Amino acid sequence: MELWGAVLRALLTGPGRRGGTLGRAFSSRRPRLPQAGRSAIELVSQWAAVFEKRGVPEPRESSEYIVAHVLGAKTFQSLRPALRSKPLTPWQLRCVQELSRRRLQRMPVQYILGEWDFHGLSLKMAPPVFIPRPETEELVEWVLEEEAQKPRAGGARGGPLILEVGCGSGAISLSLLSQLPQSRVLAVDKAGAAVSLALENAQRLQLQDRIRITALDVTLEGSWTHLLPWGPVDLLVSNPPYVFRQDMALLAPEICRSLFLEVDPRHPELVGSWLRSRPGLALELAAVRRDCCGRPRFLHIRRSGPQGGCPVDAGPAPQPAGGPG
């Protein structure tokens with residue numbers, strides 16, 4: 001079990017808040033779920049009330065996005081009036097309940113839905129890659145405004161060669177590519193998950209021929225030499241993590257790191273005892289989920305305390321293993 005400690009310390013080091021009881025993690029209490037035969041309008045109202053009671057931010061919007069997603073729409077407002085008042089099928093109701101439970105665990109809506117719009121583009125979103133903020137669209141707009149004022153010059157094809165450092169999901173790079181038809185992009189990120197997600201988004205948007213996405217940690221000495229074959233770049237754009245260390249503990253749970261594990265059915269009790277014996281780690285076993293055979297198989301470990309203080313390298317929370325898409 002000491003190996004567990006080493007893994008947890010490596011993943012979850014950083015200041016945390018003590019407090020809370022582990023008994024809460026195994027509580028059998030669940031929110032009162034909407035009954036079968038409810039319409040979309042009724043479900044939105046009922047889940048919004050549950051979210052508000054549990055302190056989930058933007059309860060109404062969260063509920064509307066989830067119900068609309070299950071019904072095949074991006075927004076609740078885009079649903080036809082007849083579809084809003086039509087009772088959901090048992091399968092649709094189960095989907096709403098499952099996705100809503102994830103929201104109660106403070107999983108971001110973007111991860112729950114698996115995609116999100118950014119600057120007019122529909123991008124796939126998946127943990128642990130950061131979700132682009134709406135304000136980042138203003139950065140894209142600024143770059144586009146500056147480019148519009150320049151005479152045609154730059155890259156070999158008549159458009160700018162753009163370097164993005166820390167591309168994440170590829171939101172910035174792909175937005176610029178879509179608006180600057182002659183541009184090319186070199187996007188780098190030190191996280192392999194980000195590189196894979198950005199490439200998938202580029203392929204979804206059929207922009208993969210004009211972008212090169214590669215894993216590179218620019219903080220390492222001499223790493224820039226790997227970019228030399230590309231020659232001079234015309235633009236460098238970046239939206240790196242910028243939260244101050246002292247502000248980490250104040251972040252909402254949606255953007256604090258959670259740890260989800262698949263384990264042997266004998267491990268949950270051992271892990272729970274091990275964490276209780278080490279309160280200094282400020283970690284708690286938040287939930288245990290059973291697999292399709294009814295065996296305790298999946299663990300959710302998080303920061304303890306009312307606000308669940310975040311580690312220094314806080315990142316988004318991945319979804320539980322084995323959950324529906």
Side-chain angles (χ1 to χ4, degrees), residues 1-31 50-51 53-57 98-108 111-112 126-130 191 193 241 243 245-324:
M1 292 302 296
E2 289 300 327
L3 179 58
W4 284 101
V7 172
L8 292 174
R9 281 193 297 273
L11 291 175
L12 297 168
T13 53
R17 294 176 181 232
R18 298 186 181 183
T21 60
L22 189 60
R24 206 169 52 232
F26 289 97
S27 172
S28 60
R29 292 187 307 163
R30 287 181 179 266
V50 173
F51 292 154
K53 184 177 180 180
R54 295 292 187 90
V56 175
E98 174 59 29
L99 299 183
S100 296
R101 287 194 181 105
R102 297 185 189 182
R103 188 68 186 111
L104 285 172
Q105 296 172 354
R106 305 298 288 269
M107 179 182 288
Y111 290 158
I112 294 174
V129 181
F130 282 107
V243 179
R245 179 185 297 264
Q246 62 266 29
D247 293 336
M248 288 295 181
L250 304 178
L251 294 176
E254 285 85 346
I255 53 176
C256 296
R257 170 167 294 173
S258 294
L259 178 63
F260 292 85
L261 299 173
E262 179 177 346
V263 298
D264 184 277
R266 295 168 292 183
H267 282 157
E269 184 177 351
L270 295 174
V271 173
S273 298
W274 191 89
L275 289 174
R276 286 193 298 270
S277 68
R278 291 162 174 79
L281 291 176
L283 300 173
E284 66 180 359
L285 185 55
V288 177
R289 178 170 292 191
R290 297 181 180 274
D291 60 18
C292 59
C293 298
R295 294 170 295 193
R297 178 69 66 181
F298 310 110
L299 305 183
H300 178 195
I301 297 171
R302 67 185 177 194
R303 283 296 200 185
S304 60
Q307 297 185 16
C310 300
V312 172
D313 59 340
Q319 68 183 39

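None of these values were measured; they are calculated from a predicted model.
Note that the OG atom of Ser273 and the CZ atom of Arg278 stand 10.5 Å from one another [nearest 0.5 Å]. Within the model, atoms CD1 of Ile112 and CZ of Arg101 stand 13.0 Å from one another, a figure rounded to the nearest 0.5 Å. Rounded to the nearest 0.5 angstrom, Arg54 CZ and Gln105 CD are separated by 10.5 Å.
With a 4.5 Å cut-off on side-chain heavy atoms, Ser100 and Phe51 count as touching.
In this structure, the side chain of Arg102 does not engage the main chain of Arg106 through any donor-acceptor pair within 3.5 Å.
Closest of all the heavy-atom pairs between Leu285 and Pro268 is CD2-O, 3.8 Å.
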